[in-house]
Amino acid sequence: MGQNLVLNLVAKGYGVSVYNIEDLITKKFIKERATGKKVKDTYSYQELVASLSQPRKVLLLVKAGEAVDLVIGSLLPYLEEGDIIIDGGNSHYADTDRRYKELKKRGIQFLGTGVSGGEFGALHGPAIMPGGDRNTYHRVEEILRAIAARTAEGPCVAYLGTGSAGHFVKMVHNGIEYAVMQLISEVYDLIRKALRISPDRISVIFKNWNQLQQSYLLEITHHILAQKDEETGQALIDLILDRAQQKGTGKWSAQEALELGVPLPTITAAVTARNLSALKQERLVVNSIWGGLREKVLKEQEVLGLLEDALYLSILIAYAEGMSLLRTASERYNYRLPLEQIALIWQGGCIIRAAFLQPIYQAYFTEPDLTNLILAAGFKKDFRDKSPRLRKVVMLAKEIGLFIPALSAALDYYDGLRSAELPANLIQAQRDYFGAHTYQRKDKKGSYHTDWPR
Ligand code: 6PG
């Protein structure tokens with residue numbers, strides 16, 4: 001990603017100095033991909049910093065965690081007041097807040113900046129989510145706008161807020177990414193196992209569905225499913241081990257949602273599903289005892305249409321969850337996140353780009369105080385028409401015993417939010433029974449405790 005971002009910067013007319021902890025990587029890059037371009041190779045932090053004009057702008061693309069602190073620590077002796085460090089990795093937002101404060105004390109400006117789009121996006125234009133001081137952002141705005149993806153609305157970058165706002169937004173972007181990937185995978189699994197349709201044909205089905213959804217993740221899935229293994233000629237997907245890995249950003253979203261008391265069931269289910277997939281051995285043992293799916297013949301013509309709508313709506317629900325987490329975090333951490341801008345810059349370059357980010361943008365643009373996307377006027381028809389179809393899909397999958405945690409969670413989120421009455425009254429009564437935790441009443445104000453019969 002680092003190399004591609006450098007090439008992107010150079011293509012836009014900027015000169016770039018590069019440094020990698022492995023000299024060989026730098027040499028190879030200069031000799032091969034950067035040859036003849038405005039790229040200066042450097043072989044120490046001191047040399048890197050000395051090669052930059054002031055105020056210096058240093059962009060880090062380093063694995064999140066300790067490595068970021070090590071690199072910042074190594075740069076610091078050579079940096080001067082007014083210089084800017086941009087962390088373009090997937091750092092945890094709490095680390096970004098800490099670094100922002102520490103660096104500020106030393107006069108160094110810090111922009112925690114989410115960059116999405118993978119290697120391809122880095123080269124051709126990623127979505128960029130910067131946070132930090134607004135003034136600092138303005139000092140690098142031109143560069144970021146130049147390298148960002150573009151849509152009809154302009155470059156996919158916007159100042160998102162103070163401190164760690166940018167990395168918080170990127171974390172939630174990734175939480176939504178996990179959910180969309182899981183939802184597509186569950187629908188794929190249903191088509192594959194219940195309808196017995198081959199990957200080749202599912203690839204075509206997804207391509208057709210994507211005319212409406214315009215989702216990057218659905219598009220890549222269409223390509224993935226059509227891919228044959230060069231050695232065996234089989235569908236490559238059938239040769240890939242079913243254990244999902246993760247670097248942690250989805251988990252952080254789920255943890256943060258618990259911390260802030262925001263329901264995030266679909267995204268959390270997607271993290272849980274990856275964790276469960278990792279238990280391959282255990283799954284094999286349980287399968288050998290309890291068996292797998294129940295046989296049931298489903299009619300292709302009836303079920304495919306349901307699945308298309310179920311996927312559309314459940315993905316929309318995942319976005320609704322993510323946006324509501326952003327909304328609460330914005331208040332709690334004083335980020336003042338521009339939700340409509342976020343929906344706008346996610347329309348290009350990033351992994352979760354999809355057609356309905358445009359109506360999501362419209363929803364926040366017309367109603368900035370919208371509490372949940374489920375309430376947006378623009379989505380009323382989708383929820384009315386597609387929610388019974390999502391329900392049917394969940395029921396079909398449950399009947400045959402298929403693992404569909406994200407589809408179920410999306411439906412639960414919708415059902416929970418539209419429940420005027422929940423059995424939380426019983427929870428309150430139970431808490432009061434065993435712990436005298438008190439409860440509130442519907443018919444009068446105050447806190448009450450009952451001497452329950454023992
Ligand atoms: C992006 C991606 C990127 C990375 C994911 C992978 O927006 O470009 O989100 O940041 O590919 O973090 O995450 P996992 O390894 O956890 O799946």
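First listed ligand is number 1; within each ligand, the first listed atom is number 1. Hydrogens, waters and symmetry mates play no part in the numbers below; they use all other heavy atoms, side chains included.
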Using only heavy-atom distances, determine whether the side chains of [X] and [Y] contain a donor-acceptor pair under 3.5 Å.
{"X": "His138", "Y": "Glu141", "value": "yes"}
{"X": "Thr136", "Y": "Gln109", "value": "yes"}
{"X": "Arg327", "Y": "Asn372", "value": "no"}

Relative to the heavy atoms of [X], which atoms of ligand 1 are at a distance of less than 4.0 Å?
{"X": "Ile351", "value": "1 (C), 2 (C), 7 (O), 8 (O)"}
{"X": "Asn174", "value": "5 (C), 7 (O), 9 (O), 10 (O), 12 (O)"}
{"X": "His173", "value": "7 (O)"}
{"X": "Ser116", "value": "1 (C), 7 (O), 8 (O)"}
{"X": "Tyr178", "value": "14 (P), 16 (O), 17 (O)"}
{"X": "Asn90", "value": "3 (C), 10 (O), 12 (O)"}

Contact with ligand 1 for [X], non-hydrogen, under 4.0 angstrom:
{"X": "Met181", "value": "no"}
{"X": "Gly117", "value": "yes"}
{"X": "Gly118", "value": "yes"}

Notebook entry, point to check: For Glu102, does the CD atom have more than 12 heavy-atom neighbours from other residues, nucleotides or ligands under 6.0 Å away?
Noted result: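 Yes, because the 6.0 Å sphere around CD of Glu102 holds more than 12 heavy atoms from other groups.
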Checklist line | Distance from atom 5 (C) of ligand 1 to nearest protein heavy atom, with residue and atom | finding: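 Protein heavy atom with the smallest distance to atom 5 (C) of ligand 1: Glu177 OE2, 3.6 Å.
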Next item on the list: Just need the protein heavy atom nearest to atom 17 (O) of ligand 1, so name the residue and atom and give the distance.
Entry: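 Here the nearest protein heavy atom works out to Arg274 NH1, 2.8 Å.
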Next item on the list: Could you note down all residue pairs passing side-chain hydrogen bond (donor to acceptor under 3.5 Å, both in side chains) where residues 254-263 supplies at least one of them, sequence neighbours left out?
Entry: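 Non-adjacent pairs meeting side-chain hydrogen bond (donor to acceptor under 3.5 Å, both in side chains): Tyr93-Glu256, Glu256-Tyr333.
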Next item on the list: Using distance alone, decide if ligand 1 has a nitrogen or oxygen within less than 3.5 Å of any nitrogen or oxygen in Gln246.
Entry: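 Looking only at distances, the answer is no, because the N/O contact criterion of under 3.5 Å is not met.
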Margin query: Check this for me - ligand 1, Gln245, N or O atoms closer than 3.5 angstrom, yes or no?
Written below: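 It does not: no N or O of Gln245 is found under 3.5 Å from an N or O of ligand 1.
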Margin query: Could you check whether Lys27 makes a cation-pi contact with Tyr43, meaning its NZ or CZ is under 6.0 Å from the centre of the six-membered ring and within 45° of the ring axis?
Written below: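 So Lys27 does make the cation-pi contact.
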Note to self: If the condition is side chain to side chain contact (heavy atoms under 4.5 Å, CB included), which residues does Lys105 pass it with, not counting sequence neighbours?
What the structure shows: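 So Lys105 forms no side chain to side chain contact (heavy atoms under 4.5 Å, CB included) with any residue.
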Check: Between His92 and Trp252, what is the ring plane arrangement, given parallel below 30°, perpendicular above 60°, and tilted in between?
Finding: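 Perpendicular.
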Notebook entry, point to check: With under 30° as parallel and over 60° as perpendicular, where do the rings of Tyr159 and Tyr137 fit, or are they tilted in between?
Noted result: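 Tilted.
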Notebook entry, point to check: Protein heavy-atom contact under 4.0 Å for atom 9 (O) of ligand 1?
Noted result: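 Yes, at least one protein heavy atom sits under 4.0 Å from atom 9 (O) of ligand 1.
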Margin query: One residue to check: Met1. Relative to ligand 1, which of side chain, backbone, both or neither has a non-hydrogen atom less than 4.0 Å away?
Written below: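 Looking at Met1 and ligand 1, no heavy atom falls under 4.0 Å.
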Item checked: Test item: Val6 and Val39 side chains (from C-beta on) under 4.5 Å apart, heavy atoms ->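 Yes; the side chains approach each other to less than 4.5 Å.
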